[in-house]
Amino acid sequence: MTTPGAVIVDAASYAQAVEDATKASAAYYAGGNSVLDDDAYDRLLRGIAAWEAGHPDQVLPESPTGKVAGGAVEGDVPHTVAMLSLDNVFSPEEFTAWTASLARRIGRDVARFSVEPKLDGLAIAARYTRGRLTRLITRGDGTAGEDVSHAIGTIEGLPAELAEPVTVEARGEVLMTALQFEYANTVRTTHGGAPFANPRGASAGTLRARERAYTVPMTFFGYGLLPVADTGTQLADRLGELAHSDLMTLAGELGVNTTATTAVPGITTDNVEQALARVREIAALRAELPFGIDGIVIKADLAADQQTAGSGSRAPRWAIAYKLPAVEKITRLLEVEWNVGRTGIIAPRGVLEPVEIDGATITYATLHNPGDITRRDLRLGDHVMVHRAGDVIPRVEAPVAHLRTGDEQPIAFPEMCPRCGAGIDTSEQRWRCVNGRNCHLVAALSYAAGRDQLDIEGLGHTRVVQLVDAGLVKDLADLFTLTRDQLLNLERMGATSTDNLLTAIGAAKEQPLSRVLCALGVRGTGRSMSRRIARHFATMDNIRAADADAMRQVDGIGTEKAPSIVAELAELAPLIGKLAAAGVNMTEPGVTPPAPRVDGADGSTESAEAAGGPLAGMTVVVTGAMTGVLEKLSRNQMNELIERAGGRSSSSVSKKTSLVVAGEGAGSKRAKAETLGIRLATPDEFAALVAEHVD
Ligand code: IVH
């Protein structure tokens with residue numbers, strides 16, 4: 001999709017647009033306090049460019065289109081070679097057109113492309129003299145930057161000393177990972193400062209700050225390695241001849257961090273289609289990355305191709321940024337709602353002035369918890385940065401403090417449960433109604449009856465409300481003792497619906513332990529964790545007998561989670577007892593109960609997990625639509641099948657993946673498997689492999 005540019009109608013609005021863009025760009029590079037989000041800025045720039053194309057004689061000298069972006073912050077350390085910006089494309093068509101124009105310019109097809117993520121941070125040049133990190137310089141106006149050498153030692157990925165005593169300049173992006181950003185805002189607010197709106201703003205502010213009482217770590221990713229004045233001709237010549245991909249390998253060998261250490265390493269491809277496939281892969285992984293990316297950079301890999309293509313004053317002709325839709329927008333926080341979830345958690349949710357992010361109109365965004373609201377000093381009426389990536393629930397990042405008018409109002413916290421009026425347990429970060437999961441029984445029951453839990457057909461939300469309102473069901477176990485007469489007495493419940501519902505409830509009693517456990521809604525255990533626990537312990541009795549140490553033996557449960565799961569299970573003990581008494585199955589089929597625990601010398605314990613099975617020791621990813629005997633299986637059921645057959649299910653392809661089951665319409669995961677050389681199977685081949693375990 002092409003982002004349309006802002007429409008500029010006359011010279012006056014053109015001049016205004018140039019002024020707005022210049023201000024926004026200055027703020028962006030100075031400290032991230034831009035009044036425009038990236039998307040709005042890009043649109044403005046495209047509008048300016050479009051108007052200039054039609055009025056070439058009226059182009060203003062200060063127009064941002066003719067300059068290296070970031071021209072506003074002037075520095076005094078000259079760059080050896082200008083730090084250029086990149087031109088953008090927004091669609092496969094625009095990208096393909098760019099490759100064609102590049103091929104025309106160099107008189108042949110580009111031999112090889114390098115494709116890597118476009119890191120969303122700040123460009124920096126790191127000078128190494130005889131292997132020692134001596135100077136850090138921001139991009140500034142591209143020809144000279146600011147000396148920020150005081151930050152040496154606070155940036156991971158830029159070692160104080162290289163593996164070899166060479167004199168070179170590493171160029172790349174400084175950013176904060178999600179964890180670093182969280183830490184940055186915690187220390188900053190503890191020291192009385194306003195929180196940063198987003199990681200990039202935080203990096204900009206942190207990089208330029210001098211003499212702070214505290215240090216905040218950042219991370220560097222290199223994307224360039226070049227000679228400086230004292231490099232020596234031999235190395236300088238060598239660097240000039242190396243392909244971009246080889247330069248990145250060399251940077252890594254010298255100890256400089258590059259994208260090679262991430263889930264989206266830079267790769268090379270032989271043609272445009274492969275480059276586009278990699279663009280799709282990186283885009284698909286974006287939401288899971290622990291750092292922000294705002295696009296993908298595609299470069300002609302070979303030095304010869306780069307040299308023939310050359311550079312303009314603003315950007316090289318041999319590289320392009322394939323921009324991804326913005327995941328952050330600024331909008332206003334109008335109200336805060338407090339909703340009680342199925343486990344009794346009282347969660348704040350922001351009501352926003354509707355804003356479009358990546359094709360969806362966002363009106364609500366999560367605010368995490370009350371402590372977070374206080375830490376971020378959020379107020380009603382604030383302009384806030386809203387983040388939405390992939391299918392992840394949108395979240396309010398932080399207020400854009402400099403846009404405050406003084407009319408913003410404090411956010412009121414509830415004093416009693418907004419649902420049932422009972423007290424609130426505020427002892428943990430996330431507040432909870434003292435009635436726990438009984439507070440919002442309808443939500444708890446609807447979840448338990450859902451397709452991936454007990455799968456009780458005919459027990460939708462409306463029916464659950466009816467049962468609860470009639471006082472027939474006070475907890476999950478009451479479902480299993482409902483009588484025919486009780487159901488027939490309900491409105492709109494005929495004999496057929498009643499019998500069908502009773503049959504479905506009867507069938508639910510036979511669900512495997514993993515699903516019963518999931519239906520209980522133990523906090524911190526969703527579908528896959530419930531399966532792991534059930535397969536590890538085999539029976540509910542074993543699960544309930546487990547202490548935190550035993551719970552920690554389950555793959556994926558750490559020191560923090562283990563005690564809370566054990567405590568929740570203790571809280572649920574009466575309900576579990578009632579369910580067992582009602583005849584609900586409490587064992588996991590196909591898993592033998594573990595022998596009494598024998599702690600190995602290495603701390604490992606015997607577990608009940610099936611050691612054998614056709615998928616033993618394998619990590620399997622399912623993608624695309626299933627066909628044949630597997631056609632009707634949901635993704636959750638496929639994952640159950642994989643685990644029954646002894647394997648481990650996963651949703652993302654990595655080097656650790658052993659097999660990818662690729663059905664119809666499989667896209668980026670299949671492509672990634674092919675790139676990594678991972679075994680692929682069609683749904684039919686997979687069905688044959690696990691035939692014994694298909695229900
Ligand atoms: S190459 C001469 N590669 O994006 C080539 N830039 O919008 C210049 N950026 O100025 C840059 N990730 O600050 C390159 N993998 C990457 C990048 C990257 C982020 C930044 C860089 C550049 C800006 C252009």
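Because the structure is a prediction, the values reported are computed rather than measured. Just so it is clear, the values below take in all heavy atoms, side chains as well, and ignore hydrogens, waters and symmetry mates.
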State, with a plain yes or no, whether a side-chain heavy atom of Leu207 is found less than 4.5 Å away from one of Ile155.
->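 Heavy-atom side-chain distance check passes, below 4.5 Å.
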Within a reach of under 6.0 Å around CD1 of Ile393, are more than 12 heavy atoms found that belong to other residues, nucleotides or ligands?
->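 No, not enclosed.
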Are the side chains of Val297 and Pro117 in touch, meaning some heavy atoms are under 4.5 Å apart?
->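 Sidechains of Pro117 and Val297: no contact.
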Test the Arg171-Tyr223 pair against the cation-pi criterion, namely NZ or CZ under 6.0 angstrom from the six-membered ring centroid and within 45° of the ring axis.
->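 The answer is no, since Arg171 fails at least one limit relative to Tyr223.
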Please check if the side chain of His368 supplies one atom and the backbone of Arg395 the other of a donor-acceptor pair under 3.5 Å.
->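 Absent.
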For the side chain of Thr258 and the backbone of Gly252, is there at least one donor-acceptor N/O pair under 3.5 Å apart?
->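 No, the answer is negative, given that no donor and acceptor are paired below the 3.5 Å cut-off.
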Can you measure from CH2 (Trp318) to CD (Gln307) and round to the nearest 0.5 angstrom?
->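 With rounding to 0.5 Å, CH2 (Trp318) is 10.0 Å from CD (Gln307).
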Would you check if there is a donor-acceptor pair between the side chains of Thr129 and Thr134 at a distance under 3.5 Å?
->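 Checked: Thr134/Thr129 side chains pair up, N/O donor to acceptor below 3.5 Å.
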Dump the intermediate steps for side chain to side chain contact (heavy atoms under 4.5 Å, CB included) on Asp358 and Val327, then the final yes or no.
-> CA-CA 7 Å; Asp358 192 7; Val327 288; 5.5 Å; no
Main-chain N/O of Ala662 paired to Thr623 side chain as donor or acceptor, under 3.5 Å |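 Looks like no, no N/O pair under 3.5 Å.
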If only atom types and distance count, is the side chain of His191 paired as donor or acceptor with the main-chain N or O of Thr186 below 3.5 Å?
->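 Side chain of His191 to backbone of Thr186: no pair is present.
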Measure across Gln274 and Asn271 and return the closest heavy-atom pair with its distance rounded to 0.1 Å.
->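 Nearest heavy atoms, Gln274 then Asn271: N-OD1, 2.8 Å.
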Can you check whether Ala319's main-chain N or O pairs, donor with acceptor, with Lys299's side chain at less than 3.5 Å?
->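 A pair under 3.5 Å: no.
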Is the closest side-chain donor-acceptor distance between His244 and Glu116 under 3.5 Å?
->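 Yes.
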Taking atom types as modelled, is there a side-chain donor on Glu328 or Asn198 under 3.5 Å from an acceptor on the other?
->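 Yes, because at least one side-chain N or O of Glu328 sits under 3.5 Å from a partner of the opposite role on Asn198.
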Electrostatic pair Lys323:Asp294 at N-O distance under 4.0 angstrom |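 Between Asp294 and Lys323 there is a salt bridge, with a charged N closer than 4.0 Å to a carboxylate O.
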Are Phe90 and Phe95 close enough that their ring centers fall under 6.0 Å?
->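 Ring-ring flag for Phe90/Phe95: false, centres at least 6.0 Å apart.
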When you check the side-chain N and O atoms of Asp301 and Thr268, is any donor under 3.5 Å from an acceptor?
->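 Not at all, the side chains of Asp301 and Thr268 share no donor-acceptor pair under 3.5 Å.
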More than 12 heavy atoms from other groups under 6.0 Å of CG on Asp109 =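 It does not: Asp109 CG has 12 such atoms or fewer within range.
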Give, for atom OG of Ser114 and atom CE of Met248, the distance between the pair rounded to the nearest 0.5 Å.
->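 Ser114 OG to Met248 CE: 8.5 Å, rounded to 0.5 Å.
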Please tell me if the side chains of Leu250 and Leu225 come closer than 4.5 Å, counting only heavy atoms from C-beta onward.
->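 Counting from C-beta outward, Leu250 and Leu225 do come under 4.5 Å.
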Does the Thr261 side chain pair with the main chain of Asn257, one donor and one acceptor, at a distance under 3.5 Å?
->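 Checking the backbone N and O of Asn257 against the side chain of Thr261, no donor-acceptor pair under 3.5 Å is found.
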Within a strict 4.5 Å, meaning less than it, do heavy atoms of the Leu162 and Val256 side chains meet?
->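 A side-chain contact under 4.5 Å exists here.
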Identify the two heavy atoms, one from Glu156 and one from Pro217, that lie closest to each other, and give their separation to 0.1 Å.
->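 That would be OE2-CB, 4.0 Å.
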Gap between atom CG of Asn88 and atom NZ of Lys118 - 0.5 Å precision =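 If I round to the nearest 0.5 Å, the distance is 7.0 Å.
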Would you find a donor on one side and an acceptor on the other, under 3.5 Å apart, between the side chain of Arg188 and the backbone of Ala194?
->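 A pair under 3.5 Å: yes.
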Does a sphere of radius 6.0 Å around CZ in Arg130 hold more than 12 heavy atoms from other residues, nucleotides or ligands, not counting ones at 6.0 Å or beyond?
->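 Result for CZ/Arg130: open.
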Do the non-hydrogen side-chain atoms of Arg670 and Val660 ever get within less than 4.5 Å of each other?
->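 Sidechains of Val660 and Arg670: no contact.
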Under the side chain to side chain contact (heavy atoms under 4.5 Å, CB included) criterion, do Asp120 and Leu175 qualify, and how do the steps go?
-> CA-CA 7 Å; Asp120 193 8; Leu175 50 73; 5.9 Å; no
Reported OG1-to-CD distance for the pair Thr177 and Glu182, which is rounded to 0.5 angstrom =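 Atom-to-atom, Thr177:OG1 and Glu182:CD are 9.5 Å apart.
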Distance-minimising heavy-atom pair for Ala283 and Ile296 =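 Heavy atoms only, the tightest pair is N-CD1, 4.5 Å.
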List the atom of His79, the atom of Thr138, and the distance in Å for their closest heavy-atom pair.
->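 Smallest heavy-atom distance, with atoms named: NE2-O, 3.1 Å.
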Heavy-atom pair with the smallest gap, counting every atom of Arg552 and Gly558 =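 Distance-wise, the nearest heavy atoms are CG-O, 3.6 Å.
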For atom CZ of Arg238, is the number of surrounding heavy atoms from other residues, nucleotides or ligands below 6.0 Å larger than 12?
->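 For Arg238, atom CZ is not crowded (no more than 12 foreign heavy atoms under 6.0 Å).
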For the side chain of Glu281 and the backbone of Lys672, is there at least one donor-acceptor N/O pair under 3.5 Å apart?
->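 Yes, Glu281 side chain to Lys672 backbone: donor-acceptor pair under 3.5 Å.
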Counting distance only, does the side-chain N/O of Thr231 pair as donor-acceptor with the main-chain N or O of Thr167 below 3.5 Å?
->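 Here the side-chain-to-backbone pair exists.
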Give, for atom CG of Leu133 and atom CZ of Arg127, the distance between the pair rounded to the nearest 0.5 Å.
->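 The CZ atom of Arg127 is 11.5 Å from CG of Leu133, to the nearest 0.5 Å.
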Spell out, as yes or no, whether a donor-acceptor pair under 3.5 Å connects the side chain of Glu643 to the backbone of Arg648.
->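 Flag not set: sc Glu643 to bb Arg648 has no pair under 3.5 Å.
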Heavy-atom side-chain proximity of Met176 to Thr219 below 4.5 angstrom |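 No. Closest side-chain heavy atoms not under 4.5 Å.
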Can you find a side-chain donor-acceptor pair between Asn185 and Thr189 that sits under 3.5 Å?
->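 Thr189 and Asn185 do not have a side-chain donor-acceptor pair below 3.5 Å.
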